[in-house]
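Scroll down for the structure; my scribbles are underneath it.
Below, read A as the first sequence line, B as the second, and so on, with proteins coming before strands; counting in each chain starts at 1.
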There are 2 protein chains.
Amino acid sequence: MGSVRLSDAEWRVMNEVWSRSPASARDVLEGVAEETGWAYSTVKTVLARLVEKGALSSRLRANTTLYEPVVTREQARRSALSSLLESAFGGRASSLVQHLLDEERLSGRDRSELTQLLQSEAAKGSEREGASNDA
Amino acid sequence: MGSVRLSDAEWRVMNEVWSRSPASARDVLEGVAEETGWAYSTVKTVLARLVEKGALSSRLRANTTLYEPVVTREQARRSALSSLLESAFGGRASSLVQHLLDEERLSGRDRSELTQLLQSEAAKGSEREGASNDA
DNA sequence: CATTTTCTTCTACAACTGTAGAAGTAGACA
DNA sequence: TGTCTACTTCTACAGTTGTAGAAGAAAATG
């Protein structure tokens, strides 16, 4: 019930639809044209595949098809993340975060957001110290 | 120079080779059989593709081909991570970590490793407070 | 040496991806 | 109403991935 394997092209399109839903093919194209240079029919094809997969729904307004997300960004993220976690990090979340901290080129903004986040989370962690610890 | 796009099957195989390098096709198969039930020739095909891609090197010992990593686990992880980061999290590392913390099912072990990690990192963060912050 | 085992290389094939052209159709405008 | 415009659906095609059978060659075994 929760697996929405998205390809790169599909992520691009979904990202558009998530931010400007409901979206027409034209809308998506506009949002994506700059970076991709895609043809209109390319967008249309990807959209169709996403509907087939159940990631989007489509309805008709006048002669134009409008698309809306069925799968949420959260769901898609979760599933992508957990699949990467599994295949690439042997399921170790800490390993993944470690990597992110050590190796990834983070912007200043990222770094401060992260620090923020980590501090509050670490706080929560020690509050909870000694509590039952299993999932 | 650093892009090693690995597919799921390729991750499986690479994981074997990384842990028991140099590895023969048979070695890989043994490591992977339990979970996948793959045929020998499947392993062989994936190995061949990995050599083609430059992720593995192969040399002959007697009549058997031995495979060794060319790409390190770190490199592969980095590239997978950064591509996920890009497509799924708009490049926001903090978003990704947030997600991991909120949404992912983490084991107790994971959680404590993470907390550990986060605490020390947060510490580093505040030490550095007020320093120049750009990448 | 004949046979069995173990490797190897070739070939295959269906599903999924990236990308798009062509041709048809409905609505807008002169 | 005829013509342009903006949509739509179909079809295509090459590359990647998952998965494996078949047939050939070398090594081990009796």
Side-chain angles (χ1 to χ4, degrees), chain A residues 3-17 22-67 71 76 79-80 83-84 86-88, chain B residues 3-17 22-67 71 76 79-80 83-84 86-88:
Chain A
S3 26
V4 238
R5 207 43 144 173
L6 301 178
S7 74
D8 283 3
E10 288 169 344
W11 271 105
R12 277 223 158 78
V13 169
M14 286 301 287
N15 281 329
E16 281 318 304
V17 180
S24 68
R26 181 74 36 192
D27 293 337
V28 172
L29 180 57
E30 267 158 24
V32 128
E34 187 80 5
E35 293 215 344
T36 65
W38 282 348
Y40 179 93
S41 54
T42 299
V43 172
K44 215 41 184 142
T45 302
V46 176
L47 283 166
R49 287 175 184 169
L50 285 166
V51 171
E52 239 179 282
K53 283 195 188 190
L56 293 177
S57 69
S58 62
R59 80 189 133 92
L60 222 56
R61 199 246 292 137
N63 65 325
T64 300
T65 307
L66 294 183
Y67 300 86
V71 165
S79 105
S83 115
L84 180 69
E86 226 22 73
S87 44
Chain B
S3 27
V4 238
R5 206 38 144 179
L6 300 179
S7 74
D8 282 3
E10 289 170 343
W11 271 105
R12 277 221 157 77
V13 169
M14 287 300 286
N15 281 329
E16 280 319 303
V17 180
S24 68
R26 180 73 37 187
D27 293 338
V28 172
L29 180 56
E30 268 159 23
V32 128
E34 187 81 4
E35 293 216 344
T36 65
W38 281 349
Y40 179 93
S41 56
T42 299
V43 172
K44 213 45 182 137
T45 302
V46 175
L47 283 166
R49 287 176 184 167
L50 285 166
V51 171
E52 239 179 281
K53 283 194 187 190
L56 293 177
S57 70
S58 62
R59 80 189 133 92
L60 221 56
R61 198 245 294 137
N63 65 325
T64 299
T65 308
L66 294 183
Y67 300 86
V71 165
S79 106
S83 116
L84 180 69
E86 227 20 72
S87 44

**OP:** Quickly, which of Leu50(B), Val46(B), Val71(B) forms a side chain to side chain contact (heavy atoms under 4.5 Å, CB included) with Leu56(B)? Name it, please.
**Re:**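 That would be Leu50(B); it is the only one of Leu50(B), Val46(B), Val71(B) passing the side chain to side chain contact (heavy atoms under 4.5 Å, CB included) with Leu56(B).
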
Residues that [X] engages under side-chain hydrogen bond (donor to acceptor under 3.5 Å, both in side chains), provided they are two or more places apart:
X	result
Ser87(B)	none
Thr65(A)	none
Asn63(A)	none
Thr36(A)	none

Original post:
Reading DNA chain C 5' to 3', which nucleotide is the first, and which the last, to come under 4.0 Å of any heavy atom in chain A?
Top reply: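 Terminal contacting nucleotides, 5' to 3': dT17(C) to dG21(C).
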
Original post:
Is there a residue in residues 28-47 of chain A whose heavy atoms reach under 4.0 Å of DNA chain D, and which residues are they?
Top reply: Tyr40(A), Lys44(A)

**OP:** Output the residues of residues 48-59 of chain A in contact with DNA chain D, where contact means a heavy atom of the residue under 4.0 Å from an atom of the strand; sort by number or write none.
**Re:** none

Original post:
How would you list all residue pairs meeting salt bridge (charged side-chain N to carboxylate O under 4.0 Å, His left out) that involve residues 52-66 of chain B, not counting sequence neighbours?
Top reply: Glu10(B)-Lys53(B), Arg59(B)-Glu68(B)

Subject >> salt bridge (charged side-chain N to carboxylate O under 4.0 Å, His left out) contacts touching residues 31-44 of chain A (sequence neighbours left out) >> reply: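 Qualifying pairs, neighbours excluded: Arg12(A)-Glu35(A).
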
Expressed as a whole number of angstroms, how long is the span from [X]:[atom1] to [N]:[atom2]?
X	N	atom1	atom2	value
Trp11(B)	dT16(D)	CH2	P	19 Å
Leu66(A)	dC7(D)	CG	C1'	12 Å
Leu60(A)	dA6(D)	CG	P	18 Å

Subject >> nucleotides 23-30 of chain D: protein proximity per nucleotide (B base, S sugar-phosphate only, - neither; heavy atom, under 4.0 Å) >> reply: ----S---

Original post:
After noting the C-alpha distance and the side-chain angles of Val17(A) and Val28(A), does the key distance pass the side chain to side chain contact (heavy atoms under 4.5 Å, CB included) rule?
Top reply: CA-CA 7 Å; Val17(A) 180; Val28(A) 172; 3.9 Å; yes

Give, for atom [atom1] of [X] and atom [atom2] of [Y], the distance between the pair rounded to the nearest 0.5 Å.
X	Y	atom1	atom2	value
Asp27(A)	Glu16(A)	CG	CD	9.0 Å
Leu84(A)	Glu86(A)	CG	CD	10.0 Å
Leu66(B)	Ser57(B)	CG	OG	9.5 Å

Original post:
If each of Ala9(A) and Tyr67(B) is mapped to the nucleotide of DNA chain C with the nearest heavy atom, which maps nearer the 5' terminus, i.e. the 5' end?
Top reply: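 Nearest nucleotide further toward 5': that of Tyr67(B).
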
**OP:** Identify, with sequence neighbours excluded, every residue that meets salt bridge (charged side-chain N to carboxylate O under 4.0 Å, His left out) alongside Arg26(B).
**Re:**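 Here no residue qualifies.
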
**OP:** Quick one: list whatever passes ring-ring contact (aromatic ring centres under 6.0 Å, His included) with Trp11(B), sequence neighbours left out.
**Re:**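 Once residues adjacent in sequence are excluded, the partners of Trp11(B) under the ring-ring contact (aromatic ring centres under 6.0 Å, His included) criterion are Trp18(B).
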
